[in-house]
There are 2 protein chains.
Amino acid sequence: MYRTHTCGELRISNINQEVTLSGWIQTIRNLGGMTFITLRDRYGLTQLVFDENTSDDLKSEVTKLGREYVIKVAGKVIERSSKNLKMPTGEIEIIVNELVVLNKSEIPPFTIEDETDGGEELRMKYRYLDLRRNPVRESLKLRHKIGQEIRKFLDSKDFMEIETPYLIKSSPEGARDFIVPSRMNPGEFYALPQSPQTFKQLLMVSGFDKYFQIVKCFRDEDLRADRQPEFTQIDCEMSFVDQEDILNTFEGLAKYLFSEIKGLNFEEKFPRITYDDAMKFYGSDKPDMRFDMKFKEITEIAQGKGFTVFDSVEYIGGICAKKCAEYSRKQLDALTDFVRKPQVGANGLVYVKYNADGTFKSSVDKFFSQDDLKIWAEAMNAVPGDLLLVLAGNRDKTQSALNDLRLEMGDRLGLRDKDKFAPCWVVDFPLLEWNEDDKRFYAMHHPFTSPKVEDVSLFDTDPGKMRANAYDFVINGVEIGGGSIRIFDAELQQKMFAALGILKEEAEEKFGFLLDAFKFGAPPHGGIAFGFDRWCSVFGGSESIRDYIAFPKNNSGRDVMINSPSKVETKQLDELMLKLKEQKE
Amino acid sequence: MYRTHTCGELRISNINQEVTLSGWIQTIRNLGGMTFITLRDRYGLTQLVFDENTSDDLKSEVTKLGREYVIKVAGKVIERSSKNLKMPTGEIEIIVNELVVLNKSEIPPFTIEDETDGGEELRMKYRYLDLRRNPVRESLKLRHKIGQEIRKFLDSKDFMEIETPYLIKSSPEGARDFIVPSRMNPGEFYALPQSPQTFKQLLMVSGFDKYFQIVKCFRDEDLRADRQPEFTQIDCEMSFVDQEDILNTFEGLAKYLFSEIKGLNFEEKFPRITYDDAMKFYGSDKPDMRFDMKFKEITEIAQGKGFTVFDSVEYIGGICAKKCAEYSRKQLDALTDFVRKPQVGANGLVYVKYNADGTFKSSVDKFFSQDDLKIWAEAMNAVPGDLLLVLAGNRDKTQSALNDLRLEMGDRLGLRDKDKFAPCWVVDFPLLEWNEDDKRFYAMHHPFTSPKVEDVSLFDTDPGKMRANAYDFVINGVEIGGGSIRIFDAELQQKMFAALGILKEEAEEKFGFLLDAFKFGAPPHGGIAFGFDRWCSVFGGSESIRDYIAFPKNNSGRDVMINSPSKVETKQLDELMLKLKEQKE
């Protein structure tokens, strides 16, 4: 037997018990005649003692131990003379009378501590050692707990978890598929699912009524920061529902998780904001609602004063930074530099200080009188002591830059507290998105999203104006989930394909089974999918989803620990009837 | 709003309520002036009535309805005059005053009934309709329930569910991998996991102590009956355990499931049988223990009597079929035909009837006296009225054929009741298996399985004789799970690779990360993996795992519903730097 207790278990009430523990050596300290070892396992730390009564043989064994050795010890629980009340086991220690080295350890390439000296690359190569660190383990414990609670909640609401296949068929829309050659069907390929979208819709046609699945999805994209080629989705679908039913059901899930995981109880309904308002007030379809600082457009009141930079633009808008009128030249320069960064993309920043004495000091005093600036200030609900930050240019780009600036100011003013949570629903997304390069519409969500009933007639007149029964769930500026009410009528679906420029034959070839299914009595249905990795990271307070994935891949899609992807044997390719093409430089 | 209630919900206590239901039309019956419609959803059936008081408009609407139409109705709950007590809603019906056709349906290609007229191929092509049938839906409900209960149990025992990656690395042992070309790393490939074996071992090295995952696994095998290229595994691993800990923990899981799912309480420990005994008594490492009928070897007592067929063979053994002495010539011929089938492979069958009067009648009376046969009967614990069935030949093949015969007799005698459950553990598997074609050893379980401590010295002398700390969990002759205590010592692991003829470089290339990990303090660990599909089928009483998979593939690995695998666009292959090879005829 390897242990009677875990390393996190023993308390003052266990004193005088003979126990056996197993674990890893966290630290070894020699203090004169005494040696203290901290033994670690998943459950905690326990202090081991070897003192003057320890046999010489045992003492000599102890000198051979090192960090991260795996040992088994037997001994008696005693009360500590100097207690460590920060440790759950800190009132006791084990006076060891038996020691077995279960396994030795080389010196780890970085310290197994909360704050480690290992860099990202090194920790990823030795991820199995990185996973020994408390913060990483806690992140995965959080993930386990969230997964369990999601299943518990959805099961209690009559959702059935149904596994959909991983070896499916390549589909034309959306991101690039990973494909899997079939040996039994030479020249043919499976694709890994980007999501179980069509299958969950088929399950609704089958009458399953409420479906969910926590499931891996795959996208072969050029990886931007914090994207993974494989990621986990909480995929849900319901029948005989409209948008309101979906939002209420999954707001219920979110509130349940907030309560169970974070101990936070949201009494009020989550705010809902239309896509148009989100863009207008936050310049983003995933607004961070932890703080206000909404945009105010001042195009009309700011134009026509002879400031040519303003007079020629489509949009002038700004934010009001409360109590920042005292910002120094240096601080304002830093903000100007910030908005000029290529990833933000503004040409410059106009500031207006609303001084405590009621006067204004701005970077555009030459063009605007105190009265002019007062009108701006009033429009932006500013009071003396506030700072106005204004950008101008093309509407979309300026709103996007203003969003970056707003978030930057939120950070500077400490308004983006990771322990504060501001969930919201963004609704009424456009159905279609025009792509100027391809000169065609793309589905904003996906080609099965239904338009609002009152907008259907726009298919023939102004498709770009159509709104969809589509919604996103956002927490703290992070898109946690999104979904839509689906088209359940085969004719409307054909119209949608037509608007997307998907030919009838192509639709038939790629989605024929879904279109066929719709002929046999498809119920009204809709759903949502949440990014599980992302939800974990928001709850865990980290910026990166990688912290919540046991074995993540890097930005080139590589697992540097197992060194994958890798070459395969020619025999494998032969069996698949495949050849590698010569690489060109 | 689409419904106030589901179709399985209304009872006598709801009488006089105004309700709205939505669902599919199961049946329409016209009886004079009345029309009865049975409306179906996942939750049940409810009878709708249109009678003499129904408006003419509504009556005319009703004539246009057909099977599988999706409708929404509003009306009042009334008490039925002729109650159907077999239906939970059979005491009430709805007198409809409003009807909306949500979707029409073409006539389904087969009937949506418990017993359908559709053949396997047709039902698989229209799987979304097949899934509407009660038995199929019930199978998936069972699967959902089993999944939930497994997670509940393991969570309560401190197991953490941790997701391991799907895009991993091709590995040399075991079945053939599915591979996935990497676009970002041209010429390189991921592999889909045959199991998360190495990752769960790494998680133990990381100190996670107790891990589980319900996870898809992939094997590119030539599909035998009831194999799927993708299947679901309940994958578990624990640290600081020996075989006894694993068996006890997962016997706990099995008993919990038997209790929660089947209402069966197993008080006793599950029987354990060694691999050697399983082969000796049942000719199989997955014995069906629902009935006894053990093999008895009679090689010694049956040889030397001048029956040359017997005298030259390695093994003679038989089973005793209780109370079958009255079997007719025809029945015995049928058994002879059975054992001669190529998949059984015996040359012939010897029978001995132990007549009620104490005499014997056998197919080998010419060679064996009544006394000779009495000795056989005594050896096989037969009594008057029993029938002995004896096969002879090469030991392995004969035991295998005798296993088939035993199961056949079990079927004929009704001893294989699908509502009876006989779980057992098979233990002490051989570590290695000699492959005569390749002239090398293969790992019986996998290359990380530890030998029994007392057998380690045989590595150098008689590797074939080594027993492993490996075990299978078997219910009713079906292997539900299997696992082992792992090698956690890098040196022993190298010895194992050597015995398997895996070169050091190859091991380094393929498993280097695992061998490296073992250098940093690997704990003793072991685990088990259960076939989720198979466990569902045993609990559900079906022979086929396909019934428990929402969207299974056929024997050529095709999903005939979505028609996958399929050709992909040349552009996709170009991006992956791949070319199809010309197919040869």
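Letters go in sequence order (proteins before strands), and every chain restarts at 1. No hydrogens, no waters, no symmetry mates; every other heavy atom, side chains included, goes into these values.
No side-chain heavy atom of A/T6 sits under 4.5 Å from any side-chain heavy atom of B/D209. At least one side-chain heavy atom of B/F208 sits less than 4.5 Å from a side-chain heavy atom of A/R137. A/I562 places a side-chain heavy atom less than 4.5 Å from the side chain of B/I168. Side-chain contact check for B/I179 versus A/Q572: some heavy-atom pair is nearer than 4.5 Å.
For A/R143, the part lying under 4.5 angstrom from a heavy atom of chain B is the side chain only. Proximity to chain A (any heavy atom under 4.5 Å) is shown, for B/S22, by both the backbone and the side chain. For chain B, no part of A/Q201 is nearby; none of its heavy atoms comes within less than 4.5 Å.
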Stepwise side chain to side chain contact (heavy atoms under 4.5 Å, CB included) check, B/L131 with A/V205: CA-CA 9 Å; B/L131 287 169; A/V205 173; over 6 Å; no
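For the set A/F551, A/F240, A/F513, the entry with the most heavy-atom pairs within less than 4.5 Å of chain B is A/F240. For the options A/T232, A/I162, A/D489, A/D41, heavy-atom pairs under 4.5 Å to chain B are most numerous at A/T232. With respect to chain B, the highest number of heavy-atom pairs below 4.5 Å among A/S182, A/P552, A/G207 belongs to A/G207. Of the listed residues (A/E68, A/E230, A/K145), the one with the most heavy-atom contacts under 4.5 Å to chain B is A/E230. For chain B, the option among A/I112, A/D574, A/I214, A/D158 with the highest count of heavy-atom pairs below 4.5 Å is A/D158.
A salt bridge is absent between A/K581 and B/E575: the closest approach of a Lys/Arg side-chain nitrogen to an acidic carboxylate oxygen does not fall below 4.0 angstrom. Remark: A/R183 engages B/D222 in a salt bridge, criterion side-chain N to carboxylate O under 4.0 Å.
Judged by distance alone, with hydrogens and angles left aside, the side-chain atoms of A/E161 form no donor-acceptor pair with the main-chain N or O of B/H144 at under 3.5 Å. Of the possible polar contacts, none joining the B/N185 side chain to the A/G557 backbone as a donor-acceptor pair under 3.5 Å is found. B/W24 contributes a side-chain N or O that, together with a main-chain N or O of A/G521, makes up a donor-acceptor pair within less than 3.5 Å.
Distance CZ/B/R3 to OG/A/S239: 7.0 Å, rounded to 0.5 Å. Distance OH/B/Y190 to CZ/A/F218: 11.0 Å, rounded to 0.5 Å.
For the side-chain contact (heavy atoms from CB on, under 4.5 Å) with B/Q148, the lone residue among A/K152, A/R151, A/M160 that qualifies is A/R151.
Of all non-hydrogen atoms in B/K553 and A/P165, the two that sit nearest each other are NZ-CB, 3.8 Å. Pairing each heavy atom of B/N555 with each of A/M184, the nearest pair is O-CE, 3.4 Å.
Using bins of under 30°, 30° to 60° and over 60° for the plane-to-plane angle, the ring pair A/Y128/B/F520 lands in the tilted bin.
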